[in-house]
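Letters A, B, ... mirror the listed sequences (proteins, then strands); counts begin at 1.
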Protein chains: 2
Amino acid sequence: MSKAKYVSLAVIRRLPKYYRYLGELMNSDVDRISSVELGKQIGFTSSQIRQDLSCFGEFGQQGYGYNVADLYHEINCILGLSKQYNVVIIGAGNIGQAVANYHGFNKMGYSIAALFDKNPKVVGINIKDIEIRDIDTLDEYLINNEAHIGVICVPSNNAQDVCDILIRNNIKAIWNFAPIDLSAPDDITIENVHLADSLFILTYLSNTKLIG
Amino acid sequence: MSKAKYVSLAVIRRLPKYYRYLGELMNSDVDRISSVELGKQIGFTSSQIRQDLSCFGEFGQQGYGYNVADLYHEINCILGLSKQYNVVIIGAGNIGQAVANYHGFNKMGYSIAALFDKNPKVVGINIKDIEIRDIDTLDEYLINNEAHIGVICVPSNNAQDVCDILIRNNIKAIWNFAPIDLSAPDDITIENVHLADSLFILTYLSNTKLIG
DNA sequence: TAGATTGTTAATCGATTAACAATC
DNA sequence: TAGATTGTTAATCGATTAACAATC
């Protein structure tokens with residue numbers, strides 16, 4: 001980790017894919033890999049892989065390639081996965097519960113600290129040993145507990161309100177599942193998961209493939 | 001809808017966003033909008049909007065702009081949302097259930113035709129009036145029922161097997177939630193929702209914003 | 001008509017790919 | 001050493017933005 005140079009979003013969006021493939025290679029007991037071979041597996045050019053990695057440092061060795069475990073660890077650090085994050089989920093419907101139940105996240109240093117919902121019928125129920133709290137207590141909770149990531153799983157019409165609460169309690173990272181674009185100051189990072197958009201794109205592409 | 005010209009994926013991935021904003025404008029009873037005004041709201045340049053739309057036809061009028069309802073309808077047709085799609089969901093865990101329960105999809109012409117799971121404890125249970133079927137009956141189901149879209153919500157290690165079943169039963173559109181890249185022939189469209197990737201990107205971006 | 005705004009062509013910008021000297 | 005493969009510079013490709021004639 002180093003090299004104080006601007007890294008384009010296109011590169012960053014490929015990092016998780018490198019991380020995933022390197023993890024699979026480790027599971028298959030592969031020790032080393034060249035950019036050509038990794039490119040074949042991922043479906044990128046070897047140039048792109050070397051270009052991408054060079055944004056963050058020099059991780060390879062001429063004539064040898066990359067050490068899989070080392071590179072995996074480097075990308076882990078670049079992504080910031082070596083740290084611990086407290087996550088609060090707002091909205092305990094299907095998507096909120098899906099995120100809360102996703103085993104992988106806990107293993108990777110994301111700890112679900114609290115779950116909130118508006119519906120009195122679910123408040124008090126436990127999901128994965130975490131009690132669902134009343135959404136009206138979100139503000140108070142955040143005043144008393146440090147949280148790093150807020151996950152918005154409420155309907156569109158409540159999403160901006162929830163976002164505002166998170167922001168005023170100093171949360172800088174928001175993972176938004178509501179089908180709306182939230183407004184927030186520049187220092188806040190918002191990553192959207194717009195499921196409907198994704199389904200529409202699938203629909204378009206599958207229809208046009210049949211023709212063209 | 002027309003213009004037999006190659007449309008880049010970058011353009012296509014913006015279409016759902018146009019569609020969403022136009023829907024909101026309709027709800028606000030806005031009749032017409034210029035590319036400049038729409039650009040301000042979405043956060044694109046007006047050039048980009050005109051350039052994008054021109055891939056599909058001439059939907060505006062000089063000196064006037066675009067009729068909101070007309071353009072909304074045009075994009076609806078371009079995306080293919082005017083048709084009906086039968087959707088099968090494989091994996092009735094949290095994500096599978098979240099997709100099944102998402103109200104919007106039904107309204108938009110996607111009909112959840114069947115749900116499958118491997119776990120005997122959930123087979124037979126109803127989700128939204130749809131019984132969860134045994135995954136061993138998937139092949140047979142698809143032989144007897146037409147399905148257009150398959151949603152893969154099973155763990156990574158089963159995802160390729162499920163994918164293969166869908167493909168051999170002539171499903172051309174696959175919405176994949178498993179954290180793996182599926183292999184499939186060229187005529188199959190796969191749209192991935194890699195939640196972990198998205199969370200990693202959020203993590204990276206929020207960490208670097210604090211510094212840079 | 002005069003003003004506004006499109007659709008499109010040309011210019012710019014950025015991202016990807018190719019090539020290769022450096023070197024393990 | 002000879003072969004392999006990196007990191008980086010240069011060339012290419014594609015996507016975005018700017019400009020403007022056409023025209024409602």
- Message: I need the CD1-C1' distance between A:I49 and C:dA18, as an integer number of Å.
- Response: 15 Å
- Message: Has B:D52 got a side-chain atom pairing as donor or acceptor with B:V11's backbone, closer than 3.5 angstrom?
- Response: no
- Note on the structure: Closest of D:dT5, D:dT17, C:dT17 to the B:T45 side chain is D:dT17
- Task: Determine: side-chain N/O of A:Y66 to OP1/OP2 of D:dG7, distance under 4.0 Å, yes or no.
- Result: yes
- Task: Can you tell me the distance, in whole Å, between the CZ atom of A:F44 and the P atom of C:dA15?
- Result: 15 Å
- Which residue lies toward the 5' end of DNA chain C, A:Q62 or A:R50, if each is placed at its nearest nucleotide? A:R50
- Item | Below 4.0 Å: OP1/OP2 of D:dT16 and any side-chain N or O of B:S47 | no
- Ion pair check, B:R13 and B:E191, cut-off under 4.0 Å: yes
- Message: What is the distance, to the nearest angstrom, from the CG atom on B:L53 to the C1' atom on D:dT16?
- Response: 15 Å
- Can you check the A:I33 CD1 to D:dA4 P distance for me, whole Å? 17 Å
- With DNA chain C as reference, determine whether A:Y64 or A:L9 sits nearer its 5' end, using the nearest nucleotide of each. A:L9
- Task: Give a yes/no on whether any side-chain N or O of B:Q61 is located under 4.0 angstrom from OP1 or OP2 of D:dC24.
- Result: no
- When both distances are under 3.5 Å in a Watson-Crick or G-U wobble arrangement, the nucleotide paired with C:dG14 is D:dC13
- Query: Any side-chain heavy atom of B:V162 within less than 4.5 Å of one from B:F116?
  - Reply: no
- Message: Is the phosphate of D:dT6 approached by A:R32 (side-chain N or O, under 4.0 Å from OP1 or OP2)?
- Response: no
- Here the distance between atom C1' of D:dT17 and atom CG of B:D52, to the nearest Å, is 12 Å
- Query: Are A:D187 and A:K172 within salt-bridge range, i.e. N to O under 4.0 Å?
  - Reply: yes
- Message: Applying a 4.0 Å non-hydrogen cut-off, can you work out what A:S8 is touching in the nucleic acid: base, sugar-phosphate, or nothing?
- Response: sugar-phosphate
- Item | Note, A:W175 side chain near B:L195 side chain (heavy atom, < 4.5 Å) | yes
- Task: Measure distances between side-chain N and O atoms of A:E58 and base N and O atoms of D:dT8, and say whether any donor-acceptor pair falls under 3.5 Å.
- Result: no
- Nearest-Å distance for atom pair CG/C1', residues A:N67 and C:dC24: 15 Å
- Message: Under 3.5 Å, is there any donor-acceptor pair linking the side chain of A:Q51 to the base of D:dT9?
- Response: yes
- Message: Which nucleotide, if any, forms a Watson-Crick or G-U wobble pair with C:dA21, using both distances under 3.5 Å?
- Response: D:dT6
- Using a cut-off of strictly less than 4.0 Å, decide whether A:S35 has a side-chain nitrogen or oxygen near OP1 or OP2 of D:dT6. yes
- What's the CD1-P distance between B:I12 and D:dA15, to the nearest Å? 10 Å
- Tell me: CD of A:Q48 to P of D:dG14, nearest whole Å? 14 Å
- Give me the ring orientation class for A:F105 and A:Y102: parallel if the planes are under 30° apart, tilted from 30 to 60°, perpendicular past 60°. tilted
